[in-house]
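Working notes, beginning with the structure itself.
Start at 1 with the first residue, then count along the sequence. All figures in this text were calculated on a predicted structure; none of them were measured in a lab.
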Amino acid sequence: MFIKKSRKIERLRLMVEESGLFDEEYYRSQIPSCDDTDPLGHYLKEGWRLGCDPSRAFSSLFYYSAYPDIEAANVSPLVHFVEHGRAEGRFGLPLDDVPSIPGEVPEPALPTIAEWRRVANRANRTEHAVVDIVVPIYRGFTETLRCLFSILDNPLKTKFRIVTVYDHGPDTSLFNALVRLSNIGLFDLLTTPRNLGFVAACNVGLAHHHLRDVVMLNSDTQVYGDWLDRLRAAAYGSAKVATVTPFSNNAEICSYPRFVQNNREQIELADADLDQVMALANRGMTIEIPTGVGFCMYVRRDALNEIGYLSEEHFGRGYGEENDLCRRAAGRGWSNLLAADVFVRHYGGRSFGSDKSHLVEAAVRTVESLHPGYGALINHFVQRDPARSLRGAVDLARIKRRHAGRTSFLFVAHNWGGGTERHVRELAERLEQDGVPVLICRPSSSRLDYVSLFDLNLPDLYNLPQFSLRDGPSVFAEILTSLNVMHVHIHQIVDFDGPAADFFRRLCSIIPC
């Protein structure tokens, strides 16, 4: 009997190894006490019972949620998959777990069952919650669970409760996972009687607790650090703030780094680091905006009590409902703010699929009919772009982070390209290899009496301020000093406006060259 059992274990080990679904390093990261000499043996013996995943390429939570018969049989999900499941047409990850396009932000990773257990105690300390985080859910297994986990995995002073609203989506495995997690107290799970649409599902969550403020948070978002504390501080920074929206990669007038665009590309910082850079660069900073953006929007309960909930009548499945809410609030003397010290990742628009463009077009017409002049108001805001200086502060903070503790060089060069440009880039590359950061100063492409600042290693700095040659170099010198610039190398000023020679002479007399 012992020999047969030993042979079976060896056969299972071989099958798992050949599957390519066991990653020793990833597994050890979940179980610090794991026997370093045999992590696979540890997984086969007890790791799967602890809810640990064998690798990022296989999710036990998904497998159990998609196939309840496997969990009921009390067998290792990975062992079942390699022995039987793959041949039966079962999957180890949700079908929406598609690879990222190179250069884009990586897809969110599924939390393990063990990780959910780790954060369970935070979810249960919410008896005196002052905020409900309302997450309407339709589809998106991985994104949704990563969103919920990110809320619980961050230390927050504000007491909150997560309120999920499942609106009868097409993925039963997602619903099964939500039931499983809500049963251990991680969040409240509300379900609609049938598919009501995004707006109605939001309203179900808004009405769940009549005394609490709410954050309407899309299920395709990810939050970081003490994000909720910062949003709440902005919401109560003055008496009549109705809504607060953070910066995001994909948030129209609250987008960073490029304004009113979906920033799909990965910058040099991880999202959590970018959030911390914003928290330091723009601490406590807000500006008034004509409308919040509904992917993540803090709403005070006293404002909701006065203006009412989202309009199901006018906005049905979604898009435009938050704009209408914000304009109704503004009409009653409430303000809508951008919290410039918070960043929230928004993957964006996947629940609506190909219907998105039609919904957006219809929403624009409806909001304009309800609030005449809304389009002109938004266009005026975009043209003024009062948030540019706040985005610019983050750009500068990113340069400071890259240059931290090192002496930097400033090269002054024209925009004409050619041999000068080649020489500038080659010299900059050699200095960078020696650990010396290099900044480039060029004439502005729009006004030759202004100069612009560039960092060749950070090509996505779209918001840096421009500096007038006629106003003198004092402000420019202050910024260069903060970036540890100790040497100015003037290659060419032929492309600059007349005052350039005097501007750079005075600049060099100010900074500690």
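- Between the side chain of Ser255 and the main chain of Gln261, a donor-acceptor pair closer than 3.5 Å is present.
- Leu325 places none of its side-chain heavy atoms less than 4.5 Å from the side chain of Phe315.
- Looking at heavy atoms from C-beta onward, Glu83 lies in side-chain contact with Leu12 at the 4.5 angstrom threshold.
- For the residue pair Ser311 / Asp324, no side-chain donor-acceptor distance below 3.5 Å is found, with atom types taken as modelled.
- Screening Arg264, Arg398, Arg391 against Asp460 for a salt bridge (Lys or Arg N to Asp or Glu O under 4.0 Å) leaves a single residue, Arg398.
- Taking the six-membered ring where tryptophan is involved, the planes of Tyr224 and Phe343 are essentially parallel, since the angle between them stays under 30° and well short of 60°.
- Paired with Glu432 under the rule salt bridge (Lys or Arg N to Asp or Glu O under 4.0 Å), one option of Arg425, Arg406, Arg402 passes, and it is Arg402.
- Between the side chain of Thr245 and the backbone N or O of Leu338 there is no donor-acceptor pair closer than 3.5 Å.
- A donor-acceptor distance shorter than 3.5 angstrom exists from the side chain of Asp229 to the backbone of Lys157, with no hydrogens or angles considered.
- A salt bridge is defined here as a Lys NZ or Arg NE, NH1 or NH2 lying under 4.0 Å from an Asp or Glu carboxylate O, and Glu71 with Arg180 meets this definition.
- Aromatic ring pairs are classed by plane angle as parallel below 30°, tilted from 30° to 60° and perpendicular above 60°; the pair Phe58 and Phe81 is tilted.
- Remark: the Asp455 side chain and the His403 side chain contain an N/O donor-acceptor pair separated by less than 3.5 Å.
- Nearest heavy-atom pair across Ala339 and Ala234 is CB-CB, 4.2 Å.
- Within 6.0 Å of CD on Glu88 lie more than 12 heavy atoms contributed by other residues, nucleotides or ligands.
- Of the possible polar contacts, none joining the Arg161 side chain to the Ala129 backbone as a donor-acceptor pair under 3.5 Å is found.
- For Asp153 and Arg118, the salt-bridge test passes: some basic side-chain N is under 4.0 Å from an acidic carboxylate O.
- Contact annotation: the side chain of Pro111 approaches that of Leu145 to within less than 4.5 Å [non-hydrogen atoms, C-beta and beyond].
- In this model, a donor atom of one side chain and an acceptor atom of the other lie less than 3.5 Å apart for Glu312 and Asn203.
- Residues Phe454 and Leu439 are not in side-chain contact: their nearest non-hydrogen atoms beyond the backbone lie 4.5 Å or more apart.
- Checked by atom type and distance alone, the side chain of Asn154 pairs as donor or acceptor with a backbone atom of Val223 at under 3.5 Å.
- Note on ring orientation: taking the six-membered ring where Trp is involved, the planes of Tyr236 and Tyr298 are perpendicular (angle over 60°, cut-offs 30° and 60°).
- In this structure, Arg13 does not pair ionically with Glu18, as no charged nitrogen and carboxylate oxygen lie closer than 4.0 Å.
- Met285 CE: 12 or fewer foreign heavy atoms inside a 6.0 Å radius.
- Here the side chain of Asn263 pairs a donor or acceptor atom with the backbone of Asn249 at under 3.5 angstrom.
- In terms of modelled atom types and a separation under 3.5 Å, the side chain of Asn336 and the main chain of Thr291 share no donor-acceptor contact.
- Side-chain atoms of Pro68 and Asn176, non-hydrogen and from C-beta on, do get closer than 4.5 Å to each other.
- Checked against Arg345 for a salt bridge (Lys or Arg N to Asp or Glu O under 4.0 Å), the options Asp220, Asp271, Asp275 give a single hit: Asp271.
- Counting only N and O atoms by type, the side chains of His208 and Asp132 include no donor and acceptor under 3.5 Å apart.
- Between the side chain of Asn282 and the backbone N or O of Ala340, at least one donor-acceptor pair lies under 3.5 Å.
- For the residue pair His168 and Thr192, a side-chain donor N or O sits within less than 3.5 Å of a side-chain acceptor on the partner.
- Below 30°, between 30° and 60°, or above 60°: for Phe62 and Tyr67 the angle between ring planes is above 60°, a perpendicular geometry.
- Under 4.0 Å is where a charged nitrogen must lie from a carboxylate oxygen, and between Arg232 and Asp213 at least one such pair does.
- Not one N or O on the side chain of Asp171 forms a donor-acceptor pair closer than 3.5 Å with the backbone of Arg139.
- The minimum heavy-atom distance linking Pro54 with Tyr27 is given by the pair O-CB, 4.4 Å.
- Residues Val215 and Cys296 are in side-chain contact: their nearest non-hydrogen atoms beyond the backbone lie under 4.5 Å apart.
- At most 12 non-hydrogen atoms from other residues, nucleotides or ligands lie less than 6.0 angstrom from CZ of Arg430.
- Residues Thr142 and Pro94 share a closest heavy-atom pair of OG1-CG, 3.2 Å.
- Using a 4.5 Å heavy-atom cutoff, the side chains of Val134 and Ile162 are not in contact.
- A donor and an acceptor atom, one from each side chain of Asp395 and Tyr256, are located under 3.5 Å apart.
- Remark: the backbone N or O of Asp341 is paired with a side-chain donor or acceptor of Arg230 at under 3.5 angstrom.
- Counting heavy atoms from C-beta on, the side chains of Tyr26 and Thr112 come closer than 4.5 Å.
- The aromatic rings of Tyr166 and Phe175 sit tilted relative to each other, their planes meeting at an angle between 30° and 60°.
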